[in-house]
Amino acid sequence: MLVPNLLMWAAAAIAALWKLSQIARAPRDKGLHAVTICTILVVLALTAQLAGHLPAFAAALPAGFPKLAQNTLLTVFFALLIVLLHGSVSPQLAARRGYREIGLALLTSAVLTATFARTEPDDRTGYEEAAAPDMLAFYLAGNLYLAYACARGARLAKTTAGHTRSRARLSLHIAATGLLINLIGTHLPRAISTASRLFLGIDPIPGTATWTTPILAIGITTFFLGIGYPGARTALIKTRLWFEARRTYRRLRPLWSALTDRFPTIALFPKVSPAHERWHLRTMRLRTYRRIVEIRDGLVCLSPYLPEPAETAHTAGEQARLIHAALQRSTKPEPPSRAPSIIAPPSSTDPIADTRQLLAIADALNTLILRGSAGSPTSSRCDDRVDYRPDSG
């Protein structure tokens with residue numbers, strides 16, 4: 001049973017860490033605080049369950065205490081979860097229903113504590129070995145409440161999903177599915193089995209301790225997948241945008257490097273080597289935007305040195321040849337030979353289209369630099385093969 005328990009604990013721990021990271025970014029979000037507290041309670045409950053399997057730790061606590069801690073923490077978790085969902089479904093009744101749910105959770109915790117205390121230490125066994133009436137009553141009370149809480153939570157989650165049009169709708173449906181899996185596959189069969197063992201002395205559903213534990217792991221994992229889905233989706237989108245920005249940032253370097261070599265004042269920060277630039281990991285979108293602005297500034301400074309006026313009809317290759325020629329002419333002592341003109345004028349107001357245009361020009365310029373530097377024994381990187389600064393000759 002250790003693998004399912006570890007799977008449940010890992011799912012809960014990942015969800016809790018993710019929610020804590022969200023709180024760090026939005027510390028005033030009260031709803032997020034409630035969800036985070038819920039996930040932390042589940043982590044604590046499952047940690048108590050795992051601790052019960054460690055002989056050294058279990059020996060330092062009263063017999064069966066991790067099981068009591070697990071069940072009482074789960075009642076608090078479900079009470080908070082149901083109150084939170086009530087607030088989303090009917091805010092005007094949230095306070096009254098919240099008190100009722102908290103009262104029911106406290107009553108369940110009191111029953112759990114009382115039946116646990118009445119059980120002899122030697123009889124405080126796991127669910128599968130429980131035989132003493134007080135211990136069976138302990139497990140019956142816990143599973144009845146958890147069955148109710150899963151049913152109530154699933155219904156409220158589905159109702160809340162029906163009232164929202166955001167991406168949280170799918171998240172709530174997934175979470176509700178996880179609760180229903182736990183209800184049908186774990187807590188309801190265990191409640192029936194425990195009640196029959198307590199009152200009739202027979203087990204109508206044998207082996208519930210064996211086959212319900214993997215189902216419980218599936219249900220809890222599904223629930224936390226639902227809870228974490230919006231955050232995971234946002235993280236995936238941000239990761240994709242980061243990689244796109246990084247590719248753009250690096251592809252623009254040949255054009256940017258040529259312009260900043262010739263006009264160092266356009267760079268907002270000191271220029272670094274390509275090797276050092278690989279370690280730029282943070283704020284990639286901002287860095288890419290800054291590089292685009294610096295390129296545009298450099299093209300304005302370069303425009304008086306064009307051998308012919310730049311036109312909108314010029315292809316990226318033609319624009320690159322004009323830029324290459326202008327960079328070579330700008331190193332000569334003669335003053336500019338013509339009035340400034342717009343190099344690579346944007347074809348639209350769409351910033352994405354402008355970025356694509358600069359990327360095409362940067363790729364074409366890089367090809368020209370490579371061709372012009374072919375066969376040079378001292379060349380090691382395409383970004384540094386041609387130096388357009390006046391003191392380079």
Side-chain angles (χ1 to χ4, degrees), residues 14-15 17-29 32 166-168 171 228-302 316-317 319-320 323-324 327 343-370 380-389:
I14 291 171
L17 289 174
W18 181 255
K19 292 302 174 184
L20 286 171
S21 69
Q22 289 181 317
I23 281 183
R25 296 191 296 269
R28 298 184 180 180
D29 190 332
L32 183 58
S166 68
R167 294 187 179 94
S171 172
Y229 169 76
R233 186 179 186 278
T234 300
L236 288 174
I237 292 174
K238 287 184 176 180
T239 301
R240 178 178 60 81
L241 292 175
W242 184 90
F243 278 107
E244 288 181 357
R246 186 170 177 80
R247 282 194 298 269
T248 300
Y249 184 72
R250 298 187 67 179
R251 283 177 62 189
L252 288 174
R253 182 176 173 92
L255 177 58
W256 174 83
S257 181
L259 292 170
T260 52
D261 280 345
R262 180 61 188 89
F263 308 105
T265 57
I266 66 172
L268 299 177
F269 296 98
K271 187 176 180 180
V272 297
S273 66
H276 187 277
E277 193 174 89
R278 290 194 182 94
W279 294 99
H280 290 169
L281 303 177
R282 299 182 60 188
T283 61
M284 283 309 305
R285 297 175 70 184
L286 178 60
R287 290 178 185 274
T288 302
Y289 175 75
R290 190 181 71 207
R291 177 157 289 185
I292 291 171
V293 171
E294 291 171 349
I295 287 173
R296 282 297 179 188
D297 289 345
L299 292 178
V300 171
C301 297
L302 186 67
Q319 297 273 11
I323 292 171
H324 190 262
L327 286 167
I343 303 176
S347 57
S348 69
T349 58
D350 183 7
I352 297 178
D354 183 46
T355 302
R356 290 198 192 103
Q357 183 183 29
L358 291 179
L359 283 172
I361 294 172
D363 291 341
L365 181 64
N366 191 35
T367 301
L368 287 176
I369 294 174
L370 286 171
S380 60
R381 297 197 60 83
C382 64
D383 294 331
D384 301 316
R385 287 179 176 175
V386 177
D387 193 340
Y388 294 104
R389 289 173 294 186

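From Glu294, atom CD reaches atom OH of Tyr289 across 11.5 Å, with rounding to the nearest 0.5 Å. In this structure, the separation between CD1 on Ile361 and CD1 on Ile295 is 9.5 Å, given to the nearest 0.5 Å. One finds the NE2 atom of His324 at 7.5 Å from the CG atom of Leu327 (value rounded to the nearest 0.5 Å). Once rounded to the nearest 0.5 Å, the distance linking CZ of Arg250 with CE of Met284 reads 9.0 Å. With rounding to the nearest 0.5 angstrom, the OG1 atom of Thr248 is 13.0 Å from the CZ atom of Phe243. One distance of note links CD1 of Ile292 with CG of Leu255; it measures 10.5 Å at 0.5 Å rounding.
Residues Arg278 and Arg246 come closest through the heavy atom pair O-NH2, 2.6 Å. Closest approach of Ala320 and Ala364 over heavy atoms only: CB-CB, 3.5 Å. Taking every heavy atom of both residues into account, Ser257 and Thr260 meet most closely at O-OG1, 3.2 Å. Closest non-hydrogen pair, Tyr249 versus Thr288, comes out as CB-OG1, 3.5 Å.
Heavy-atom contacts from other residues, nucleotides or ligands closer than 6.0 Å to CZ of Arg240 number more than 12. The local environment of CG in Leu268 is crowded, with over 12 non-hydrogen atoms from other residues, nucleotides or ligands closer than 6.0 Å. Around the CZ atom of Arg290, the shell of radius 6.0 Å holds more than 12 heavy atoms that belong to other residues, nucleotides or ligands.
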Query raised in the report: For Leu358 and Asp354, what are the C-alpha separation, side-chain angles and deciding distance, and is it a side-chain contact (heavy atoms from CB on, under 4.5 Å)?
Result: CA-CA 6 Å; Leu358 291 179; Asp354 183 46; 4.3 Å; yes
